[in-house]
Structure formats: structure tokens, C-alpha cells
Amino acid sequence: MFEQVRDDRLAAARAALKEVEARVGVARDASERAWRVDDEWNALLPDGLPRGRVVSVAGSTSLLLALAGQASREGAWVAAVGMPTVGVVAAARRGIDLSRLALVPEPGLQAAAVVGLCLEGVDVVMTGDRLAMSDSDRRRLASRAREQGALLLAVGAWPGAELSLEVERVRWSGLGAGDGRLRGREATVAVSGRRLGAVRRVRVELDVDRSLGSLRGAAAETREEVA
Amino acid sequence: MSAELRVPSHSEGPVATVRRAVLWVPDWPVVAAAVEVGIGAEEPAAVLHGRGLVAVSASARALGVKRGMRRRAAQRVCPELTILGYDEGRDAREFESVAVAAEQVVSGVEISRPGLLMIPSEGASRFHGSEEALAEALVGAVAEAGGEAQVGAADGLLAAVMAARSSVMIPPGESPDFLAPLPLDSLVHAAMERGRRTEAESLAEVLARLGLHTLGQFAALPAGDVLARFGPIGAWARRMALGLDVAPPVLRRTEEDIAVEQTFEDPAERIEQLGWAARDAAERLDSALLDAGVRCGKVRIVARTVKGDLLERVWRTDVATRAGAFASHMTDRVRWQLEGWLSGLADGPEPAPLTSLALVAEDVVALGDEQSYLWGGSSGGDARARRALERLQGLLGIDGVIAVAEQGGRSPRDRVHALAWGQEGQAPRRIEHPWPGRIPEPAPATVLPVSAPIQVLDAGGTPVVVDRRLAVSAPPTWVRLPADPRDAIARAAHRHPSSGHVGGDDGPVWERARPVEAWAGPWPVAERWWAPDADRRAYMQLALQTPEGEPGLAILAAFSGGRWQLEALYD
């Protein structure tokens, strides 16, 4: 009987310790494996945005920011390393909370160390495509991300990425011959990954003009094509 | 620094009315501005805020300048009028000297707003003999400090303020009679915040239209009806008009600043000379804080140069988790800041050797008090992220990590407000202000920090030109972007004689021309046309195809000074 009580106490103490660790920030609460995403992203990411993985995004900074925005809405911290040209207003519009965003525009030769340090504390790390990193650096960082439960969102190709998204075609609407303005954009994204089969192509509305949005509604913002 | 005992100012319940003396400095914003600029008190001067004057000096008023006048109208009435800028911070800062002078006479004063001090009169007047003697002592003390003040006393806030404005002492119990004949605009003088002030102004206007002109008439209305018709502001105004209080006075406690200072015998020109000084100052501040049993949320770094300039910057420190590492954490920040000042990279006056360094603790709280509210709920994740970013700053230097915010502006580049992580600086420009000519949403995801040259060509290959009347010479048909420096094919094509190359290294390397699918514009933006850094440009949005003819990128281009520049990519 005493054994039973001791076990209960031990379990309670461990739970309390874990809670304190998460609250003080010594350990990350990695119980959740993925961030939830809004419905419009379900076609692209059926399992949500994975923690502890590398997702590479090619051809569109907007798509990258939108993915980071999904995590930021859930309270994640975001860092952008080696992206001196990232549009901050666009980041805010895509859901990134700017008070939880840090920019490291020029990491220089210490790129690998900087990304590594970021992965320790920040939940989502976006990396530019001109970082001074070798393939072995990238592999090491990918395993660091897995350990820490942080998401690495890379611009351009990343060998061994869990998920690769490539924007293949973009169709803009709202612009005429000298009139109108950019309003909406429909992008075709090719999704491939290590554990996925054939390449899947998904159409995503990247910019939806809210002033016209009420007419069409939020219906069918994404469609899936058969590859 | 003063610590205040905060009392919720909206407590509308019955509060005992307190007899108080009020010290009022007429036209305080002008006095403060004149002191700072260094002009005499007798010269005509006024403070301009927005479109109208907010305060006018006595001599200017004698010449016919009034509050609320436009600049032109005021200058027509009085051409020698000095117009001064509006700065709430300066008003508050300068008023500190008046408050200190008054505190030599009485202890425990409340600064209601810059220009107005409140003193609970009972104890103080007993000490000085009578209220008249107290008033005399106060006026004398402020005059010694170089100011001019009027003192009055009465029951209740509004009566006391109005008594000070006419330098009279209202005997106890006579406040309602004193207030009754006064005009309704007087309510404004009891409003201490700007929001309350505008509410009071509009209330007075409405009441005037209803045929009520004096405080007495308004106070005679039944309380319930006033509350039902005018809401909380009406109830507040009625209590004021009756000579009652809504909140007890909030007294100021004086406390010593927790600060360390050190002067250098030889002015320091290089950061190497200051490394130890920074560490030493940080360690002394740390131990001073520990001795006082407190922690601080911000540290102000102040340095003085040989030229006499005062350099100041505030840095946040993470209180909750910093107990042990405060000194080393602060050393880094002090060193970065000094480095910035000495190299002239930070904004400020010309770099000059430094003669002294001081650290002042701000946002001081007792050890153990929870501080997380300062930056919103501070969870473990936030603390961990901050730690990582601060370590990163240690690796890369002060500007290695940047915090950003959105601010008002027209071009995508102007709409970003960036500061080194952890530093406090100029506030971002207001987003709510109108920014005519702002580039419409969606915001571009790639904004070039420095615009790059591009070529916008018509169907025949001639550059497109936008004239002063915003006419486009021909519809844009081709766009050539600068080639990626790593693109060997583009470089080779650039070197080939068929592209007009005749040797040497001339001009940027262009990509193959991309066809334009659709375009909009030009949208003119003329900024700061009155200033030397005037900027006039026309923006154009262009949707391009890839050289292979697939639909693709959209760009924001600007035409200025006869050239096209690439500003941003909608990628």
C-alpha cells in the first residue's frame, strides 16, 4: 500500500517539476507535435505545421511568412536569420506578432552558430538562402531542431527537409493595363517530402482582398489538383 | 525619482472633500519652452501644437494673441512673436524644479499636471500659521527658483484650481457659492488628462446650447438626470461644479535615485579605455540595487562629452531572470552603447571624447515583486526566447539582432520601425494618421533595403518615361531586373559584344528581359517638398512573366529623377 502512495507522490512531484521547468523556460513543452493551422491551409498541411522539423519553401517569401504566421498566432516566437529584405508589414499581415519577431539580417560567417542559438530559444527559425553553411552544418542544425522541438523554415532547398514546398506558378488578379492594383494571387504549390509519395500540387490563395472577400466568401479558397 | 501612490482616478463614489491649496504657474508650456530655448519671460512667445496655439505668454496676450489661434493669425497680430514647439516631456521635466522648490515649504505635494501643484492645506497651514502665510512662503520659494506662481485654497478640486487662478483663499464651506457664478468652461481646468479635457470642452459646449451658462445653473440639475443624459462625464462635471471631489489627492514621495556615476580624469576616446569603466559601473549599480533591496526594469545610460553634449539611452533589462547575471548583462549593454556613441554610428551629435558616465535605475520594484506585467504575461517560452536573443546579441554585437514594429509611412520601406533588440528609442510614427499616397495592400513580402536600378522598356525597347503630369510615354512591355551576381550565364551574355559591350567593366549586369503581363500606376508621392531631402516619385505595380512566358513575379517600381528603381517584390 505504501508502494502505491510513493508512486503517486513521485508522479505528482515529477508533474510539478515538469510544469515548473516549462514555466521558467528551462525545458520546452514538447508535448504537442504540431501547430494547428487555419482551414485554408489544410489542403497544404493536412497534419498541421510540424515541430522539430525542417520545411523548405522555394519561390515565395509570402508563403514562408504565412506559415510562420500560423505558428506565431499560437504564441510561438519567430526569428528571421539572413533575410535582410523581409517585408515586415507583410509579416504582420500574415499573422506574425511583431513583438515576438527578431531579425538577424547579417549573421555573416557565424551563420551556423546563429541558427543553432536561435533554435535553442525560438520556436520558428526562418533562414535565408544565402547563409554561409555547409551541408554538414545543415544536417547538424536539422538534428538540433528535432531535439529542441523547433521548426526550421528554410528559403530555398535544404537537403533532407521533411517537407518541401515550391511555388511553381502564380496568377495575379486585380491588375489591368495601367489601372487597378494588385488584389489577389493564386499560387500553385508543389508539395514533396521524404515520407510523401508522388508530388502533390495544391492551389492556394495567398492574398485575399478582404474588401472584396465578402462577395465570394471564404468558400473553396484552396483546391487540390491531381498531379 | 518620484514614486506615486496610484489611486484609480475614475472612482466616482462619494469621497470626502479635501481642503487643499493649489499652486498654479500661468502659461506653463510657454515658460518651460522659453527656459529651454533661453528667451526671457517678458518676450512675446507661444507654443504651437498641431494647427493651433496651446499656450501664450502674458506679453503676447497683451498684444492680442489668444489660445487656439492659427500660426498665421497670431503672427499677423504680433509679428515679433516667437513660436515654440510643443513637448509634453519637456513640460514635465522642467516642472520638476518648481515641485522641488515647493517641497522646501511643504512636504508631500501632488503634481496634477505640469503647471499645477496640489497641497493638502490643513497640516501645512497650521505649521505656517495661516493659509495666507503658506501661500506667501510657496510663492517666495518658487520665485527664488526663478518662477512665477499663484496660490489659492478652497474645498474641492475645481474650487481650489479656480481660486489659484485668481489668487484668493475661499473660506471653508463657501466653495459652491464661489463656483456658482463662474462660466461652464471653467470645468476644463479641473480636467487633468487630455482625454477628459476634450470631453469637458464638448460637454460645456452642449450645455451652452441648452441655455446653461454658469456652474451654478448646471449644479442645480438633479444628479440622476445628469447621469442619465450625459453619462460618467456629466456626473463628474456635476460633482466638480458643486465643489466636491472625485478622488483624494495623490501625494508624491521623494526617493533618492539609485544611480552610479563616474568621471574620467582623461576624456576617453576609444572603447578600450572604457571597457573597465563599463564593467565597474555595472557592478556598482548591481550592488547598489541589492543594498536597497530592489531590482529595476530599465537602466538609463548617460554620458557627457568634452563638448558638453549629454548623451542618453534607455535599455530594458529582464528583471525576473536576471538576479545573478545582472552585472555582466549590463556591462555588455553599456559597452555597446558607448561604442555606438564613440564611433558616431548611433544617432546623436558628433562623436567626441567622453568625460563622464552614469547609470540610473528606472522602473524600480522591490525584490521578489512580480514584474512580468511590464511586457505582458511573461511565460517560460518568452524568457527562454529572450535569453537566446540576448546571447545572440553578445555574439553579433548591438545591431546584430533587431526588433521591428509597424509604423505609419507611404513606401513599404518607410513603414518599418527598427531598433536594436532591447533598446528603447524614438517611438514609431502613428499608423492612424492619414498617409495620402500610401501603397495599397497587400504588403510586399520582400522589401529592398536599398532600391536597385531596373529597366522598364516599351515595346520598341526604349525606356519608359513618366513626365511631370504623370503621363506615361508608352505602356511598359518589358522589364529587365539586375541579374543575380552568381549567374554566370548573365555575366557572359553581358560581356558579349552583341550586347553592346566594348571592354572594361561598365554598367550593371541585367537578366533577360521579362514580359509585362499587367501594370497599374503611376501613383505619385511627393514627400517633404519643403525640405532639402524632398522626394518626388511615381510608383508603378507590374506583374511580370518569367522569361519563358509563365506568369510569375509582381514588383513595385518607382520612377524618380529619370530612372527606374526596384523597391519591392511581391514574391
Side-chain angles (χ1 to χ4, degrees), chain A residues 21-29 59-62 64-65 75-77 79 84-94 98-108 110 113-114 117-118 120-123 167 169-172 174-185 207 209-210, chain B residues 320-321 375-376 379-389 391-392 395-396 399-406 409 412 415-418 421 439-449 472 475-476 486 517-523 540-543 550-554 556 568-571:
Chain A
E21 277 179 340
R23 198 175 61 226
V24 178
V26 178
R28 200 189 292 261
D29 182 18
S60 172
T61 315
S62 298
L64 184 83
L65 294 176
W77 280 72
T85 59
V86 68
V88 172
V89 181
R93 294 291 178 278
R94 291 180 192 291
L98 294 186
S99 63
R100 286 199 306 267
L101 169 70
L103 303 185
V104 187
E106 307 287 348
Q110 291 166 313
V114 168
L117 259 177
C118 281
E120 276 178 20
V122 180
D123 306 298
V167 174
R169 222 173 323 146
V170 174
R171 193 169 293 282
W172 281 96
L175 214 54
D179 50 18
R181 62 179 174 86
L182 292 175
R183 283 185 188 280
R185 143 168 61 163
D207 289 284
D209 195 332
R210 301 289 168 205
Chain B
T321 59
W375 304 288
S379 69
D382 292 352
R384 198 186 53 235
R386 284 212 179 82
R387 270 203 302 273
L389 293 172
R391 277 171 65 194
L392 213 54
L395 186 71
L396 295 173
D399 289 326
V401 186
I402 293 175
V404 284
E406 192 184 342
R415 290 173 65 185
V416 181
H417 180 258
W421 188 263
I439 306 301
E441 299 281 324
T446 297
V447 179
L448 276 66
V472 182
R486 295 176 296 187
E517 195 174 60
W519 57 285
W523 301 320
M540 200 180 261
Q541 279 181 338
L542 300 136
E550 289 276 315
L553 195 65
L556 179 71
L569 301 173
Y570 296 87
D571 68 338

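Numbered from 1 within each chain, the chains take letters A, B, ... in sequence-line order. All figures in this text were calculated on a predicted structure; none of them were measured in a lab.
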(request) Output all residues satisfying side-chain hydrogen bond (donor to acceptor under 3.5 Å, both in side chains) with A:T85, sequence neighbours left out; order by chain, then residue number. (result)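 With sequence neighbours excluded, A:T85 shows a side-chain hydrogen bond (donor to acceptor under 3.5 Å, both in side chains) to no residue whatsoever.
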(request) Verify, without hydrogens or angle tests, whether B:T446 (side chain) and A:V86 (backbone) share a donor-acceptor contact under 3.5 angstrom. (result)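 Looks like no, no N/O pair under 3.5 Å.
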(request) For A:R181 and B:I439, indicate whether the former's side chain and the latter's backbone hold a donor-acceptor pair under 3.5 Å. (result)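 Such a contact is absent between A:R181 side chain and B:I439 backbone.
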I'd like to verify something: which residue of [options] has the highest number of heavy-atom pairs under 4.5 Å with chain B?
options                       : answer
A:G75, A:A76, A:S60           : A:S60
A:G180, A:G178, A:G174, A:A92 : A:G178
A:L103, A:V170, A:V167        : A:L103
A:R171, A:R94, A:Q110, A:R100 : A:Q110

Pick one of side chain, backbone, both or neither for [X], based on which atoms fall under 4.5 Å of a heavy atom in chain A.
X      : result
B:W519 : both
B:L389 : side chain
B:A554 : both

Top contributor to chain A contacts, counting heavy-atom pairs under 4.5 Å, from [options]:
options                        : result
B:P444, B:P475, B:G400, B:A418 : B:G400
B:L448, B:L395, B:L553, B:L556 : B:L395
B:L396, B:L569, B:L542         : B:L396
B:D571, B:V401, B:V447         : B:D571
B:P442, B:A443, B:A445, B:P412 : B:A445

Exercise: identify the closest heavy-atom pair between [X] and [Y]:
X      : Y      : result
B:A520 : A:L175 : CB-CD1, 3.4 Å
A:G121 : B:A388 : CA-CB, 3.7 Å
B:W421 : A:S99  : CH2-O, 4.4 Å
B:Y570 : A:R185 : O-NH1, 3.4 Å

(request) Would you mind checking if A:R93 and B:E406 are paired as a salt bridge, meaning a charged N to carboxylate O distance below 4.0 Å? (result)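 Result for this pair is yes, salt bridge flagged.
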(request) Under 4.5 Å heavy-atom distance to chain B, tell me which part of A:L117 shows up: side chain, backbone, both or neither. (result)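 A:L117 touches chain B through backbone and side-chain heavy atoms alike.
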